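The first residue in the sequence is number 1, and the count goes up from there. Bear in mind that the values here come from a model prediction, so they are computed numbers and not experimental data.
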Amino acid sequence: MGARAAGVRVAPLWHALVARLRADLAAEAESGRIVLWLPVAFTAGILAYFGAAYEPSLTAAAALTLALAAGTWAARRQAVLCGILAGLCAFAAGFSAGCVRTTLVMHEALASPPAFPVRLSGYVERVERRVGSDRILLRIDPGPVRGIDGTPRLVRLSLKRGAAPEVGAHITQLTRLLLPLGPAMAGAHDFGRGTWFQGIDAVGFGLGPPKLTPAPAEVPLRVRLSALVGDVRAALGARIRAVLHGTPAEIAVALVAGDRSAILPQVEESMRVSGLTHILSISGLHMALVAGTLFALARGALALVPALALGWPIKATAALLAISGSAFYLVLSGNDVPAQRSFVMTGLVLAGVLAGRRALTLRTIATAAVVVLGLTPEAALDPGPQMSFAATLALVAAYERLQPLRALPRPEGLPARILMLPLAFIAGTVVTALVAGFASGPYGAFHFQRFAPYGVLANLAAMPAVSLLVMPFGLLGVLLMPFGWDGLAWPVMGIGIEIMVAVSDWVAALPGADARIYTVNTAALLWFTVALLALCLLRGLPSLLAVPALAVAILVSGAPRPPDILVAPNAAAVAVRGPDGHLSVIGAKGQKMMVEQWLAREGVRRAVSGVALEAGFTCDPLGCVAPLPGGGTLAVSRKAEGLAADCLNAKIIVTQETPPRGCPARVLTPKELERTGTLAFFLERGALREQPARDPAIRRPWMPLPPAPLRKPEGAGPGSEVEDAASE
């Protein structure tokens, strides 16, 4: 009887929930919010493109997109079918965007670096003057290059600090070319992909200073434009450094001219740990502050003239001036992809002002996502765009949710209103930091294995200085520079920067500020993304789908199993896990960036240098050895005369030399490793399983040649501990 009564009570509740769900879904469809899911499908199509094992057919992708578009139009009177076809069409369009982008960028990158240095001649197109070295982008003169198979056109070179010439100079440079840095291990970020999409054919470092030479022909237009922008940026940097000094000067140059090269590493690390590192890169915050300040100044100035205020569309004029100023800031700051994305977003907001429409909406975010990812689909795989769009999406959705608060009665009287201003600013900063941190945090943890637990505190303390002193007076300095009065603005900007750095150092010194997290894997990130999209794009009862999605993200999270052995692509750095569970690394000095990624995934904060890092290796003039997990040794051979003994005593040999014929050990040389990328070994049931960073079954234009099948050494039987990586 009691069970029957309970069933009677539950039935109406269930029917009420179903009815509410149907009503909410119908309201979503009628409001047109279903269109917000099209950029999601578009992005999924881009990810599907980059996940393909080989280069898809552009013709097939375009034909499928057109067919689905035609089907969507034909089914426009059938809501459900039209929505399904529109989603499939958006997916196919994203896939096609990847195909188109790759086709337009297609170029033959350096397949294999030459064994000897080569001399390159060309124009310096870009210069980055960094703390440890300079880096230039060299546009090579037309024609073949002696010693290189193929004809590279764009090469990125590292030079000794202070050796880089000015943009536009024609030089010759003796160079050692290398393959672009690939993923540190399987599943890690592929830096070589971004390099390829920038049109760079090869990377390397200069041997000796560059030699200035006469230009063989007219300087290319692209180089002339780069030189012009470079001159403006250099002039701005010189003016700032004439007034400010030290860290305030270098951060001011970074924020105004986009040149972060001279910021000290300890300052960048402090900003990173405290959660303020987003201030150093030109992004949505800076573009919004520049556009907002220009809009307010232009509108205020025009309103001072009665004739213009009454008979001229000053709001639209101010928006046009803000767009123009933002475009100038984009070029001035270096025209990087994050800045481009921020400019598109800002331009869409200001376009809404011009059209007399509400500017900051989820539709604006959706349009910006399609525009940015349509032009640069590869950005969908980079951490910056992922974190930026996640934070922006969450902030705009929160803004929409909090709109009813604007209808609440406001305090009366001037004192009460004045008191409300700082309280509203503090509340807005806290909400912004919490929402943006929650939305972007998992992406940062996935890519960088760290998060800022005191980010809200740091942003709450530093953002007033950034918003009121740093960016507005930086913009004012640029505007006053042609008139020679910019010296009035830089000191105020410097005060704001000093406050920001002091806050950063204070927060970074708090206990637990440098927090690490290793449990966000690919599956967890995928489910978190589903939860974020449901929470932001759905309203009413359907938005509760975010709860189970978030629960699944938590359940499937977990740190992936770390490898027991790691060998860098050029055989210069080797890491072996010791009995204590920690990695010992040899050769870290020449592979600092890659070894830093290895250690970051281990939760290690040691410097990539020093004897302590090599504790597990025993070395002599012929090379180094380390015990392997599960028994045996790994030898790092430094001289050819030691290879014969290593072949008899070691299971794995890492060497730059050619091994003796019939060597029973597993020998790893740069020639093989440049095909496989970083090679990892996992101890499984007493055997070492190999995992190359580059899957041999995947072949895409931005990847070097696929790894050759790894053959077992002579005499190795079925029970050998060295496995065939091609069978993985």
Set of side chain to side chain contact (heavy atoms under 4.5 Å, CB included) partners for P442, sequence neighbours left out: L525, F528

Among L566, L668, V654, the one residue meeting side-chain contact (heavy atoms from CB on, under 4.5 Å) with V574: V654

salt_bridge(R101, E378) N-O dist < 4.0 Å: yes

With sequence neighbours excluded, residues passing side chain to side chain contact (heavy atoms under 4.5 Å, CB included) with W196: T102, V105, M106, H107, A109, P701, W702

Residues which pass side chain to side chain donor-acceptor pair (under 3.5 Å) with D134, listed by chain and number, not counting sequence neighbours: none

Show the atom names and distances, to 0.1 Å, of all donor-acceptor pairs under 3.5 Å that link a side chain in residues 174-188 to residues at least two apart or in another chain.
unit_1: T175; atom_1: OG1; unit_2: Q173; atom_2: O; d: 3.1
unit_1: R176; atom_1: NH2; unit_2: A115; atom_2: O; d: 3.4

All pairs passing salt bridge (charged side-chain N to carboxylate O under 4.0 Å, His left out) where residues 568-580 contributes a residue, at least two apart: D564-R577, R577-E602

Contacts of Q597 that satisfy side chain to side chain donor-acceptor pair (under 3.5 Å) - sequence neighbours left out: none

Partners passing side chain to side chain contact (heavy atoms under 4.5 Å, CB included) against A458 (at least two apart in sequence or in another chain): S274, L276, V507

Pairing residues for Q386 by the side chain to side chain contact (heavy atoms under 4.5 Å, CB included) criterion, not counting sequence neighbours: Y443, H447

Set of salt bridge (Lys or Arg N to Asp or Glu O under 4.0 Å) partners for K160, sequence neighbours left out: none

Partners passing salt bridge (Lys or Arg N to Asp or Glu O under 4.0 Å) against E108 (at least two apart in sequence or in another chain): none

Residues which pass side chain to side chain donor-acceptor pair (under 3.5 Å) with Q266, listed by chain and number, not counting sequence neighbours: none

Side chains of residues 626-646: which donor-acceptor pairs under 3.5 Å do they make with residues two or more places apart or in other chains?
unit_1: T633; atom_1: OG1; unit_2: N649; atom_2: O; d: 3.2
unit_1: S637; atom_1: OG; unit_2: K639; atom_2: O; d: 3.1

Backbone of P670 reached by a side-chain donor or acceptor of N570 within 3.5 Å: no

